[in-house]
Structure formats: C-alpha cells, structure tokens
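Because the structure is predicted, anything quoted here is derived from the model rather than measured.
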Amino acid sequence: MEEWKLKEICELIVDCPHSTAKNEGYGYPLIRTPNVGKGRLLLQGVHRVNDEVYNARNERAVPSEGDIILAREAPVGNAAIIMPGQKVCLGQRVVLIRANKSMVNPMFLVYYLLSDEIQHRLKNNANGAVVAHLNMEEIRNLKVSIPDIKIQNSVAGILSSLDDKIECNRRINDNLEQQAQALFKSWLSHCSKMVTIGDLSLNITDYTKCEREEVVLINSSDVTEGHFEHHILSENKNLKGHFKKRFQKGDILYSQVRPRNRHWAFCTFDSDNYLASTQLMVIRNRPNVIPSILLYQYIIDDNVWLEFTLKTETRSGTFPQGNYEDLSSIRVPFGADTQSISASLERIYNLIYYNEDESRHLAQLRDTLLPRLMSGELKVNEIERTVG
C-alpha cells in the first residue's frame with residue numbers, strides 16, 4: 001500500500017465560512033457535527049435552511065453526491081458520504097472532502113477514515129481547552145495508506161451493503177413511527193377528559209452511585225427523536241459531574257435544553273450501567289394511570305412538544321431551557337380505556353425496536369470487519385459467506 005497525504009488524493013478539502021443560520025424548519029438540510037454519522041448522514045431532527053443561507057454557506061463548494069463530510073468537533077472524526085439525491089448545506093465545524101476518484105473510491109475513503117487507526121490519530125490531534133477540534137492543516141496533511149483500487153472497491157462494496165440494510169431499517173421505522181402517531185391521534189380525538197402531563201407522569205431524580213466498572217454516558221445530544229445515538233462503554237472514573245442521573249427500562253429521557261431540537265428517547269433495555277446528564281429529564285409513567293408506551297406517545301406529540309418549546313423559547317439566556325414543571329403543566333385530552341391503544345402501540349414499537357437491534361448488530365459487524373478488511377486479514381469471498 002502506498003502512503004499519501006489526504007490532500008494528495010483529494011480534489012477539494014474545505015470548511016464552511018463562519019455565519020449564523022436560523023432553523024427554518026423547511027428547505028435544505030444543514031449538516032452540523034451531530035448529523036455526521038459513521039458512513040451515512042443522520043438527518044433525523046436536522047435543521048433546515050432557505051436558499052439564501054444555502055448559497056452563502058456553500059460559497060466555497062457545493063456538496064454533491066460522493067463527497068465526504070468530516071466532523072471537526074464532537075463527534076470528532078465521524079465521516080459520512082453524501083448519497084444520491086441528497087442535497088445538503090454545510091454547517092459549522094464540518095469539512096467537505098472530494099476524493100480524486102481515479103486514485104481512491106470515496107466510499108472506501110469514508111470507511112478508511114472511520115478505521116481504528118485513523119480515528120485514534122484524529123482524536124489525538126484534536127485540541128482545544130473547551131471543545132476538542134481538528135484544524136484544517138492537520139486534516140489536509142493526514143497521512144493515509146491506501147491499497148489498489150480493486151481492493152478499495154471490494155471493501156467499499158461489502159461494508160456499504162451493511163449500511164444499506166441499516167438505512168432500509170431506518171426507512172421502515174420512519175413509516176412505523178408515522179403509523180403509531182396516526183393511531184394515537186385517532187384515539188386522542190375520542191378522549192373528552194382533560195388532564196395534565198403531571199397527572200400522568202413522575203419526575204425521576206435518582207442519583208444513586210453506579211458501581212459498574214464501565215458505564216454508558218448519555219448526554220442530551222445522544223438522544224434524538226426516540227433513538228439512542230450510541231451505547232459506547234467508558235471507564236467509570238473521573239467522570240464529569242453532570243453524568244449522574246439513573247434511569248430504567250420504560251423511562252423517557254427528554255432534554256431540558258433547546259427542546260426544539262427534539263432530543264428525547266424511550267428506554268427499551270436494561271440500563272443499569274447507563275448514566276444520563278442532568279440536562280436530561282427522566283420521566284416515568286404513573287403505573288396505575290397510564291402504560292409507559294402511551295405516556296411516551298403523549299410526551300412526543302407535536303402539540304405537547306410545541307407548547308413546551310414555546311415556553312422555553314420566550315425566556316432570556318444563552319440556552320433556551322425548560323424544566324419538568326413546564327412540561328407537567330401542559331393539558332392534554334385523556335381517556336379511561338388505555339389498554340387497547342397501548343397494546344397496539346406496543347406491537348408497532350416492538351417492530352421498531354427489533355429493527356433498531358438488528359441495525360445495531362449490523363453496525364457492530366461492520367466495525368469489526370473494517371480493520372480486518374483493511375489489513376487484508378479477511379478476503380472478500382470470506383466476508384460474503386459471513387454476511388450472507
């Protein structure tokens with residue numbers, strides 16, 4: 001394999017000029033660091049901007065199919081490729097990389113940037129007293145060793161097939177979530193009694209010390225529109241002080257900061273070794289009043305979300321922030337017969353969680369295969385038998 005600097009195998013490596021951008025709720029997806037996943041862009045809850053912002057932010061280069069977007073800040077080093085039909089706008093602290101396709105397969109380059117070796121080097125190069133970040137010269141001069149283009153194509157084909165299945169599961173789940181919302185709204189339309197969210201829920205502040213050697217740390221940005229973005233274990237020592245909230249299966253995590261960004265999730269797993277940030281509310285159903293899955297549907301309902309967002313956005317301060325009291329005072333329709341609607345929601349969400357679990361295992365397989373393919377330890381025909 002030959003060693004090159006990244007700038008020597010790429011036609012373009014640029015970042016976005018500094019500017020502000022208001023979330024219009026429509027238009028072009030604004031790609032910021034949280035939207036850069038491992039291989040693919042994460043467009044759930046993405047900010048959107050109008051033509052004027054799109055043109056201003058893309059004045060150095062217009063992102064196009066096959067281009068790579070690299071995160072300069074947390075999650076430092078995440079890289080994703082722009083897929084066919086995706087028309088996006090560059091956000092702050094991301095880098096656009098355009099590969100020279102005569103030398104390198106763009107999809108291969110994405111996976112290479114995500115390899116353990118490169119990720120270790122990128123994270124070690126990140127600097128900053130408050131927020132770790134990569135500078136442009138470090139990115140341009142990053143040394144990479146790439147194999148023959150035929151090997152690149154084979155590696156990219158195998159790994160992207162796993163990502164294709166993950167993306168398929170995501171689209172199926174989007175459809176299932178829409179079904180759940182439609183079912184809930186139909187049931188809600190027949191409810192005549194009015195209650196508050198506080199009548200249905202409990203605010204949990206459990207700071208019991210976790211004795212496990214390794215824990216999963218969940219910040220407000222680690223939950224988005226129902227999904228946990230990661231389940232990565234960290235050593236349980238010298239943790240930042242805000243990681244101390246405990247939660248359990250059936251609880252709802254909901255960010256107090258900038259609720260308009262839709263940072264929430266429903267816990268469907270044993271979370272004994274998980275610690276949530278104090279910026280996340282832990283909301284639990286009142287067992288004798290409402291099943292947990294139905295409470296979750298109330299919490300994420302557009303009307304509830306909008307009212308909670310309006311309460312926080314009208315306050316002064318650097319970060320729009322609410323609290324459980326703001327949420328618990330919101331009035332909603334309620335009906336006595338909660339069992340049948342909850343059973344229907346359970347069936348839908350069980351399918352969603354099955355797909356999520358399969359996608360998580362596929363992602364683990366992809367990440368396990370990546371270094372072995374890069375080193376030549378495994379051959380394409382061996383992987384085809386494993387995946388097949």
Side-chain angles (χ1 to χ4, degrees), residues 44-45 172-206 218 220 223-228 245-256 259-271 274 276 280-311 322-357:
Q44 289 178 316
I172 291 171
N173 280 357
D174 282 348
N175 181 267
L176 288 169
E177 288 169 358
Q178 291 173 21
Q179 291 180 39
Q181 291 173 15
L183 191 65
F184 173 70
K185 288 184 182 299
S186 176
W187 175 81
L188 205 64
S189 67
H190 296 93
C191 296
S192 55
K193 181 181 177 182
M194 295 298 293
V195 299
T196 66
I197 293 294
D199 294 327
L200 309 177
S201 67
L202 300 166
N203 181 32
I204 306 300
T205 52
D206 181 1
I218 302 297
S220 57
V223 293
T224 305
E225 292 195 353
H227 307 281
F228 284 79
K245 274 192 175 182
R246 307 293 297 275
F247 58 95
Q248 65 184 34
K249 185 175 182 179
D251 285 346
I252 301 159
L253 303 187
Y254 199 120
S255 178
Q256 300 178 115
R260 58 185 165 86
N261 290 342
R262 306 171 77 90
H263 289 309
W264 61 62
F266 183 68
C267 180
T268 62
F269 49 84
D270 178 11
S271 57
Y274 283 65
L280 285 162
M281 293 182 282
V282 177
I283 303 167
R284 187 172 300 166
N285 63 305
R286 293 184 182 270
N288 298 327
V289 179
I290 188 172
S292 57
I293 193 67
L294 183 54
L295 174 63
Y296 174 64
Q297 204 65 52
Y298 268 105
I299 295 294
I300 67 172
D301 181 69
D302 282 345
N303 292 327
V304 173
W305 166 74
L306 181 59
E307 186 170 341
F308 182 52
T309 299
L310 289 174
K311 285 183 177 183
N323 53 46
Y324 176 73
E325 285 68 32
D326 295 323
L327 184 64
S328 65
S329 63
I330 296 174
R331 292 175 60 80
V332 293
F334 188 68
D337 180 18
T338 62
Q339 296 306 312
S340 59
I341 177 65
S342 297
S344 297
L345 291 172
E346 286 278 3
R347 285 193 290 271
I348 293 174
Y349 277 101
N350 283 340
L351 291 173
I352 291 173
Y353 302 140
Y354 175 85
N355 290 335
E356 286 182 343
D357 191 55

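Checked against Leu200 for a side-chain contact (heavy atoms from CB on, under 4.5 Å), the options Asn285, Val289, Thr338 give a single hit: Val289.
In this structure the side chain of Leu345 reaches within 4.5 angstrom of the side chain of Leu294, judged on heavy atoms. Considering only heavy atoms from C-beta on, Ile299 stays 4.5 Å or farther from Trp264 through its side chain. Lys249 is not listed as a side-chain neighbour of Asp270, based on a closest heavy-atom distance of 4.5 Å or more. For the pair Ile218/Leu253, a side-chain contact is recorded, criterion being any heavy-atom separation below 4.5 Å from C-beta on. Residues Leu176 and Asn355 have side chains in contact (heavy-atom distance under 4.5 Å, counting atoms from C-beta outward). The closest side-chain heavy-atom distance from Thr309 to Trp305 is below 4.5 Å. Gln297 is listed as a side-chain neighbour of Tyr349, based on a closest heavy-atom distance under 4.5 Å.
Ring geometry for Phe228 versus Phe247: interplanar angle under 30°, hence parallel rather than tilted (30 to 60°). Relative ring orientation between Tyr353 and Phe266 is described as parallel, the plane-to-plane angle staying below 30° on a 0-90° scale split at 30° and 60°.
Checking side-chain atoms of Asp357 against main-chain N and O of Tyr354 turns up no donor-acceptor pair under 3.5 Å.
A salt bridge does not link Arg286 to Asp199: none of the charged nitrogens lies less than 4.0 Å from a carboxylate oxygen.
We find the CG-CD distance between Asn261 and Glu225 to be 10.0 Å, quoted to the nearest 0.5 Å. Taken to the nearest 0.5 Å, the OH atom of Tyr298 stands 13.5 Å off from the CD1 atom of Ile293. Rounded to the nearest 0.5 angstrom, His190 NE2 and Lys185 NZ are separated by 14.5 Å. Taking CD1 from Ile204 and CD1 from Ile252, the interatomic distance works out to 11.0 Å, rounded to the nearest 0.5 Å. Rounding to the nearest 0.5 Å gives a distance of 9.0 Å between CG of Leu351 and CD of Gln179. To the nearest 0.5 Å, the span separating CD1 on Ile283 from CG on Leu202 amounts to 10.5 Å.
A pairwise comparison of heavy atoms in His263 and Val223 identifies ND1-O, 2.8 Å as the closest pair. Heavy atoms only, all atoms of each residue included: Ser342 and Pro291 are closest at OG-CG, 3.2 Å. The minimum heavy-atom distance linking Met281 with Lys245 is given by the pair CA-NZ, 3.9 Å. The minimum heavy-atom distance between Ser201 and Leu295, with the atom names listed, is CB-CD2, 3.8 Å.
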_Between Ile352 and Glu177, is the side-chain contact (heavy atoms from CB on, under 4.5 Å) condition met? List the steps._
CA-CA 8 Å; Ile352 291 173; Glu177 288 169 358; 3.6 Å; yes
*asked:* Pair Leu183, Ile348 - check side-chain contact (heavy atoms from CB on, under 4.5 Å), show working.
replied: CA-CA 10 Å; Leu183 191 65; Ile348 293 174; 4.3 Å; yes
Side-chain atoms of residues 327-337: list all donor-acceptor pairs with protein atoms under 3.5 Å, sequence neighbours left out, distances to 0.1 Å.
residue : atom : partner : partner atom : Å
Ser328  : OG   : Tyr324  : O            : 3.0
Ser328  : OG   : Glu325  : O            : 3.2
Ser329  : OG   : Lys311  : NZ           : 2.6
Ser329  : OG   : Glu325  : O            : 3.3
Ser329  : OG   : Asp326  : O            : 3.1
Asp337  : OD2  : Ser340  : OG           : 3.3

